[in-house]
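Along the sequence shown, the residues carry numbers beginning at 1.
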Amino acid sequence: VQLQASGGGLVQAGGSLRLSCAASGRTFSSYVMGWFRQAPGKEREFVAAIRGSGDTTYYADSVKGRFTISRNNAKNTVFLQMNSLKLEDTAVYYCAASLGFSQVAGLYDYWGQGTQVTVSS
């Protein structure tokens, strides 16, 4: 599986961005898809995940109520809608794929290249 993340950019606090992650391969719906982020000097942290069918989602407490993960299996794409962005959301955001659900980055098998999200005051 190859993953290509896009949609990052510069946004003011309180604004919104929508990240996309396009996947190659014919087994996209078999994978749990996750979004992680890594700020400078910090470890990569879990943001959100969605099961293959799209019926179950998980969020880090820090983004719950502001971010929404979704997927379109027909287009092999997963999205992260980010609303009410805060300065502390600034990070490189990565999409990842795993055959099983986890919040642990090391248990994801495939990773996209990352897309920078910068929130300004």
Side-chain angles (χ1 to χ4, degrees):
V1 176
Q2 292 184 321
L3 304 175
Q4 180 77 33
S6 61
L10 175 65
V11 63
Q12 286 191 324
S16 299
L17 278 176
R18 189 191 196 204
L19 305 183
S20 300
C21 176
S24 64
R26 294 173 291 179
T27 59
F28 178 70
S29 62
S30 300
Y31 288 90
V32 172
M33 296 300 298
W35 285 97
F36 290 77
R37 66 187 182 187
Q38 188 166 18
K42 295 188 176 182
E43 292 187 354
R44 193 167 298 189
E45 65 173 356
F46 172 79
V47 175
I50 186 168
R51 290 199 179 271
S53 62
D55 61 350
T56 306
T57 56
Y58 308 86
Y59 297 94
D61 287 343
S62 59
V63 307
K64 203 170 292 183
R66 300 188 297 121
F67 291 10
T68 302
I69 188 171
S70 61
R71 65 191 297 160
N72 183 331
N73 286 343
K75 295 186 176 181
N76 282 13
T77 306
V78 62
F79 305 97
L80 185 68
Q81 177 67 43
M82 305 185 295
N83 298 329
S84 302
L85 282 161
K86 303 177 180 180
L87 296 179
E88 53 263 41
D89 294 319
T90 295
V92 177
Y93 283 70
Y94 298 89
C95 59
S98 173
L99 288 174
F101 170 72
S102 175
Q103 297 187 19
V104 178
L107 297 181
Y108 280 72
D109 304 297
Y110 303 98
W111 289 84
Q113 84 288 5
T115 184
Q116 175 71 46
V117 172
T118 303
V119 184
S120 65
S121 58

To the nearest 0.5 Å, what is the distance between [atom1] on [X] and [atom2] on [Y]?
| X | Y | atom1 | atom2 | value |
| --- | --- | --- | --- | --- |
| Asn76 | Cys21 | CG | SG | 10.0 Å |
| Leu17 | Gln81 | CG | CD | 8.5 Å |
| Ser121 | Lys86 | OG | NZ | 15.0 Å |

Item to complete: Dump the intermediate steps for side-chain contact (heavy atoms from CB on, under 4.5 Å) on Thr115 and Ser6, then the final yes or no.
Response: CA-CA 6 Å; Thr115 184; Ser6 61; 5.5 Å; no

Please check this pair: side chain of [X] against backbone of [Y], looking for a donor-acceptor N/O pair closer than 3.5 Å.
| X | Y | result |
| --- | --- | --- |
| Thr90 | Val119 | yes |
| Arg71 | Gly54 | no |
| Asn73 | Ser53 | no |

I need the minimum non-hydrogen distance between [X] and [Y], along with the two atoms involved.
| X | Y | answer |
| --- | --- | --- |
| Leu80 | Tyr93 | CD2-CD2, 4.2 Å |
| Val1 | Tyr110 | O-CD2, 3.3 Å |
| Ser70 | Val78 | O-CG2, 3.1 Å |
| Val104 | Ser102 | N-OG, 2.8 Å |
| Ala5 | Gln113 | O-NE2, 2.8 Å |
| Leu87 | Ser120 | CD2-C, 3.6 Å |

Discussion item. Could you check whether Lys64 pairs with Asp61 (Lys NZ or Arg NE/NH1/NH2 to Asp/Glu carboxylate O, under 4.0 Å)?
Written reply: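 So Lys64 pairs with Asp61 through a salt bridge.
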
Worksheet item: Less than 4.5 Å apart, any side-chain heavy atom of Met33 and any of Phe28?
Response: yes

Fill in: Close side-chain approach of Leu99 to Tyr31, heavy-atom, < 4.5 Å
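Yes, their side chains come closer than 4.5 Å.
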
Worksheet item: Given Glu45 and Arg37, is the side-chain contact (heavy atoms from CB on, under 4.5 Å) satisfied, shown in steps?
Response: CA-CA 5 Å; Glu45 65 173 356; Arg37 66 187 182 187; 2.6 Å; yes

Discussion item. Using a 4.5 Å cut-off between side-chain heavy atoms of Ile, Leu, Val, Met, Phe, Trp and Tyr, which other residues end up in the same hydrophobic cluster as Phe46?
Written reply: Val32, Phe36, Tyr58, Val92, Tyr94, Phe101, Tyr108, Trp111

Worksheet entry | Flag for Thr118-Gln116: side-chain donor and acceptor within less than 3.5 Å |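 Distance-only check passes for Gln116 and Thr118.
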
Worksheet item: Is there a path of hydrophobic side-chain contacts, each under 4.5 Å between heavy atoms of I, L, V, M, F, W or Y residues, that connects Phe79 with Leu19?
Response: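 In one cluster with Phe79: Leu19, no.
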
Item to complete: For side-chain contact (heavy atoms from CB on, under 4.5 Å), just list the numbers for Val117 and Met82, CA-CA rounded to whole Å, side-chain angles, deciding distance to a tenth of an Å, and then say yes or no.
Response: CA-CA 10 Å; Val117 172; Met82 305 185 295; 3.8 Å; yes

Item to complete: Decide if atom CD of Glu43 counts as having more than 12 heavy atoms of other residues, nucleotides or ligands within a radius under 6.0 Å.
Response: no

